[in-house]
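One structure is given below, encoded as C-alpha cells.
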Amino acid sequence: MSTIYRRELKSYFDSMIGYLIIAFLVFFLGIYFFAYNLSGGYPYFSAALSGMTVMMLIAIPILTMRSFSEERKNKTDQLLFTSPVSIWGIVWGKYLSMVTVFAIPTALFCICPLIIQANGTAYLAADYGSLLAFFLMGCVFIAVGMWISSLTESLVTAAVGTFGCLLLLLLWPSLVGFLPESAFGSLVGFWVIWSMAVFAFYRITESQAAASALEAAGTVMLVLLYLWNRNMFEHALVHALEAVAVEEVFERFVLEQTFDLGGLLFYLSLIGLFLFLTCQSLERRRWS
Amino acid sequence: MIEVKNLVKDYGGHLAVDHLSFTIEDGQIYGFLGPNGAGKSTTMNIMAGYLGATEGQVLINGHDILEDAEEAKRCIGYLPELPPLYVDMTTEEYLNFAAALKKIPKKEREASVEAAISMARLSDVRGRLIRNLSKGYRQRVGLAQAMLGMPPVIILDEPTVGLDPKQIIEIRDLIRELGKKHTVILSSHILSEVSAVCDRIMIISGGRLVASGTPENLERRMTGGPRLELMVKGAPQKARSIAEGFLDSGAVSVTSKKEDGTEFTLLTLDLETDIREALFYAYAQAEMPIYSMNMTRASLEEVFLELTETGKMVQKEKTEKGIKRLLGKRKQKETEGFGPVVSEAEAETGGVAREELLHREEVRR
C-alpha cells in the first residue's frame with residue numbers, strides 16, 4: 001500500500017496536476033477570504049469556506065479522474081493486479097495519495113482564522129470545526145470520484161461523471177423538495193428505491209432467484225407496512241432522502257456553528273462505502 | 001509447477017478459453033502457439049491472476065491463483081502483451097517501484113534491480129523517462145520488470161512483437177538464458193520463434209489445446225511418414241498404375257503437365273517404407289524415365305497452420321487427414337518453384353514473415 005501511495009503522490013507532483021489543484025483552491029479561497037472576511041469584515045472564516053463548495057466541483061474531478069481510468073487505459077493495472085498486493089491495498093494507496101494532495105490546501109486554509117484573530121475577534125472553534133467538516137466532505141467527494149474513475153477507462157468520462165455526481169449531491173436538498181409528500185407517493189418512491197437497490201444487487205451477484213425473492217419480499221413488506229400504518233408514510237420519503245444530503249452536514253457547521261459528530265460519522269461511512277464500491281468495481285471487471 | 005485445470009473464460013457468450021487443461025513442469029521453456037485471438041493472452045492473464053476464470057482452477061506451485069493469490073503471485077513474473085509501464089517514471093524508478101510492489105525485501109531490492117538492468121541491458125537508459133524510450137527498450141524494461149526478484153515462473157506474452165531483428169535475437173538469447181534457471185512460458189503467433197527457443201510447444205486454437213509436445217515429437221506425431229514427390233515422363237494413368245503396384249490407391253495423387261509437347265506426370269506418394277529403388281526399376285522397365293525424385297517431411301510450420309486454421313477441429317484423425325490434403329497442395333507449390341512457402345497469414349503481416357526469414361538465416365549460420 002505504501003508503495004502505491006508514494007508512487008501516486010510523486011506522480012501528482014511530477015505532472016503538475018497536484019500543484020494546479022492546490023493553486024486553484026488556494027487562489028479561489030483567497031478571493032472569498034478577501035471578499036467576506038478581510039474586505040467585508042465578517043468574523044467567521046467558515047463563510048468564505050462555504051463558497052469553496054462550488055470550486056470543489058471543479059477541483060475534485062480533476063484530482064480523481066486519472067486514479068483508475070488512466071491505469072486501465074495504459075494497461076498498467078496489469079502490473080498492479082498481478083503483483084502480490086491486495087485490491088484493498090491498491091485502493092487505499094491511491095485514495096490516501098489523493099487525500100494528501102487535498103490536505104495540503106486545507107492545511108493552508110487553517111492559517112486564515114489566525115489572520116482574522118490577529119486583526120480582531122475570531123471564532124476559532126467554529127472555524128476549525130467547519131474546516132474539519134470541509135476536509136471530510138472533500139474526502140467523500142474524492143471517494144466518489146475514485147469510484148467513478150474505476151468504472152471507465154476514459155479520463156473525460158470519469159471527470160464529467162464525477163462532476164455530474166457531485167453537482168447532484170450539491171443540488172440534492174433542492175431536488176428532494178420536488179418529491180411527493182403524500183403517503184402513497186412515499187410508498188411508490190420507496191418501492192422505486194428498493195427496486196433499484198435490488199437491481200444493483202442483481203448486477204453484482206447475477207443471481208436471479210435471490211434478486212426476485214428480495215424484490216418480492218421488499219414489495220410485500222412495503223405494502224403491508226402501508227396498510228398497517230399509513231400515517232408512517234406521510235413525508236417519509238422526503239425525510240429519508242434529506243438525511244443523505246451530503247453537503248448539509250458541512251452547511252450546518254457553517255451556518256449553525258454546531259459540532260455535528262453524527263454528520264462527521266456519516267461522512268466517514270460514506271467514504272467507507274465508496275471505497276468498498278471501488279474495490280467491487282475493480283474486482284468485477286476481472287470477472288466480466 | 002503450474003497446473004491448469006478445465007479453464008473456461010466466457011466473454012458474454014464468446015468462449016475465449018474453452019475447457020483448457022495442462023500442466024507445466026519446472027525448468028523448461030514452454031511456448032504457447034496460436035493465431036491471434038486463439039485465447040493465448042486470456043489464458044496468460046488468468047494464470048497471472050489479472051483476470052478471473054469463468055470456470056476452472058490455476059495452481060502455481062500448489063497455490064491457487066484466486067484463493068491464495070498473494071503467495072501464487074509471488075511466484076510469477078509477468079510481461080503482458082503491452083508492457084505495463086508508467087511513462088512518467090524513469091527506468092530505474094519504475095523498476096524500484098515494481099520491486100517494492102513485488103514485496104522484495106528492502107535489502108535485496110537494489111541488487112535485484114541491478115541484476116534485472118544488466119540482464120535486460122538497460123544500463124544506458126536507466127535514468128531516462130520511459131516516455132522517451134523506443135519500443136524495443138520499453139519491451140526490455142517490461143522484461144526486466146518480469147525478471148525482478150527472479151521468480152520461479154516467468155510468463156511472457158508475445159515478448160518479441162514489434163522489435164527489430166537484432167533485438168529479437170537478443171531477446172531470444174535472454175529467454176534461453178532465463179530458461180536455464182526458471183520456468184518460462186511465452187506466447188507467440190510466430191512458429192519459428194517458438195520452435196527456436198522452446199523445449200515444449202502447446203498449440204492453442206479457438207481456446208482449446210489442439211496439440212502439445214516437444215517440437216520434434218509434434219512434427220513426428222502429426223505428420224505421419226515421409227512423402228515422395230516424383231516427376232516421370234509419360235501418361236498419368238500408366239504412371240499411377242505402376243505406383244499403385246507398391247502402395248494403396250489412397251496414398252497416390254497424380255497430376256499431369258505438358259512441357260514442349262511432352263507429357264509429364266507429377267506424383268505425390270505417402271510412403272510407409274523407402275521404396276525409391278523399387279520405383280526406379282519399375283518405371284525404368286515401363287520406359288518412363290524419372291526426371292526428379294524428392295523425399296520430404298512436413299515441417300512444424302505446416303502442422304501449426306493446419307491445426308490452427310481449422311479452428312475447432314480437435315479430433316486428431318480429422319486433423320491428420322487435413323494435413324495430408326494441405327501438404328499435397330503446398331508441396332506442389334514448392335516444386336513449381338515458388339520458393340519457401342510463406343503462409344497467407346504471414347504474407348498479410350509482412351514484418352512477421354521477415355522475422356521468419358531472418359530466423360532461418362540465423363539457423364543456417
Side-chain angles (χ1 to χ4, degrees), chain A residues 1-20 65-94 97 101 150 153 155 203-207 279-288, chain B residues 9-12 41 44-55 60 63 65-66 68-90 93-104 106 109 129-131 141-142 145-146 148-149 151 155 157:
Chain A
M1 186 193 92
S2 63
T3 314
I4 292 170
Y5 170 76
R6 278 197 301 272
R7 197 210 83 80
E8 287 292 314
L9 200 60
K10 187 170 176 305
S11 111
Y12 274 115
F13 290 106
D14 278 349
S15 69
M16 296 276 295
I17 285 192
Y19 296 109
L20 198 76
M65 65 179 181
R66 52 198 290 280
S67 54
F68 282 102
S69 304
E70 201 173 57
E71 299 264 0
R72 193 171 168 193
K73 203 172 109 210
N74 297 340
K75 309 255 183 217
T76 44
D77 56 342
Q78 282 188 316
L79 176 68
L80 298 184
F81 294 133
T82 56
S83 304
V85 183
S86 67
I87 287 198
W88 266 108
I90 297 169
V91 170
W92 264 113
K94 284 189 174 272
S97 75
V101 174
S150 77
E153 60 181 280
L155 294 183
R203 290 298 301 237
I204 291 171
T205 62
E206 310 224 326
S207 151
C279 290
Q280 283 301 305
S281 101
L282 294 174
E283 192 68 63
R284 223 181 97 76
R285 199 195 296 156
R286 297 171 64 198
W287 297 95
S288 57
Chain B
K9 181 71 183 175
D10 187 347
Y11 284 120
S41 292
M44 291 186 142
N45 272 331
I46 294 172
M47 286 164 70
Y50 177 62
L51 292 177
T54 315
E55 270 176 51
I60 314 278
H63 305 289
I65 192 71
L66 294 174
D68 200 359
E70 289 200 16
E71 271 310 308
K73 285 173 182 172
R74 257 175 216 264
C75 302
I76 298 180
Y78 179 44
L79 170 65
E81 211 169 350
L82 200 75
L85 307 174
Y86 291 98
V87 293
D88 55 350
M89 296 172 108
T90 66
E93 278 172 355
Y94 172 74
L95 290 176
N96 275 316
F97 167 66
L101 262 190
K102 286 166 194 264
K103 303 199 171 155
I104 297 171
K106 255 197 182 134
R109 217 174 278 167
L129 281 182
I130 294 177
R131 189 197 309 282
V141 176
Q145 172 271 121
L148 275 175
I155 302 179
D157 196 354

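The number of heavy atoms from other shown groups lying within 6.0 Å of OH (Y19(A)) does not exceed 12.
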Just do the side-chain contact (heavy atoms from CB on, under 4.5 Å) check on R286(A) and Y50(B) with the steps written out, would you?
CA-CA 7 Å; R286(A) 297 171 64 198; Y50(B) 177 62; 5.7 Å; no

Salt bridge (Lys or Arg N to Asp or Glu O under 4.0 Å) assessment of E70(B) paired with K73(B)
CA-CA 5 Å; E70(B) 289 200 16; K73(B) 285 173 182 172; over 6 Å; no

Between K9(B) and E55(B), does a side-chain contact (heavy atoms from CB on, under 4.5 Å) hold up when you go through it step by step?
CA-CA 7 Å; K9(B) 181 71 183 175; E55(B) 270 176 51; over 6 Å; no

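For Y86(B), the parts lying near chain A are the backbone and the side chain together; criterion is any non-hydrogen pair under 4.5 Å. For Y78(B), the part lying under 4.5 angstrom from a heavy atom of chain A is the side chain only. Neither the backbone nor the side chain of N96(B) has a heavy atom closer than 4.5 Å to any heavy atom of chain A. With a 4.5 Å cut-off on non-hydrogen atoms, A69(B) does not touch chain A at all. With a 4.5 Å cut-off on non-hydrogen atoms, I155(B) does not touch chain A at all. For a residue to count as touching a neighbouring chain, one of its non-hydrogen atoms must lie under 4.5 Å from one of that chain's; by this rule Q145(B) touches chain A with the side chain only. Using a 4.5 Å cut-off between heavy atoms, L101(B) touches chain A through backbone and side chain atoms alike. For A53(B), the part lying near chain A is the backbone, with the side chain staying farther off; criterion is any non-hydrogen pair under 4.5 Å.
Considering only heavy atoms from C-beta on, K103(B) comes within 4.5 Å of R74(B) through its side chain.
The salt bridge (Lys or Arg N to Asp or Glu O under 4.0 Å) pairs that include a residue from residues 76-90 of chain B are R7(A)-D88(B), where partners are two or more places apart or lie in different chains.
Heavy-atom minimum distance, L85(B) versus G142(B): CD2-N, 4.1 Å. Closest heavy-atom contact between C75(B) and I60(B): CB-CG2, 3.8 Å. Of all heavy-atom pairs spanning P151(B) and G77(B), the tightest one is CG-N, 3.4 Å. Among all heavy-atom pairs drawn from D157(B) and S41(B), the shortest one is OD2-OG, 2.7 Å. Shortest non-hydrogen contact noted between G49(B) and I65(B) is CA-CG1, 3.6 Å. A48(B) and I76(B) make their closest contact through CA-CD1, 4.2 Å (heavy atoms, listed as atom of the first residue, atom of the second, distance).
Side chain of S150(A) to backbone of L282(A): no donor-acceptor contact under 3.5 angstrom is found. For the pair S97(A) (side chain) and K94(A) (backbone), a donor-acceptor distance under 3.5 Å is present. A side-chain donor-acceptor contact under 3.5 Å links E93(B) to the backbone of T90(B).
Among R6(A), E71(A), R285(A), the residue making the largest number of heavy-atom pairs under 4.5 Å with chain B is E71(A).
Near-neighbour residues of residues 72-81 of chain A relative to chain B, defined by a heavy atom under 4.5 Å from a heavy atom of that chain, comprise N74(A), K75(A), T76(A), D77(A), Q78(A), L79(A), L80(A), F81(A). Contact residues of residues 10-17 of chain A toward chain B are K10(A), S11(A), D14(A) (heavy-atom distance under 4.5 Å). Contacts with chain B (heavy atom to heavy atom, under 4.5 Å) involve these residues of residues 84-92 of chain A, listed by number: P84(A), V85(A), S86(A).
For the atom pair L9(A) CG and S2(A) OG, the distance stands at 12.0 Å (nearest 0.5 Å). Rounded to the nearest 0.5 Å, atoms CG (N45(B)) and CG (L51(B)) are 4.5 Å apart.
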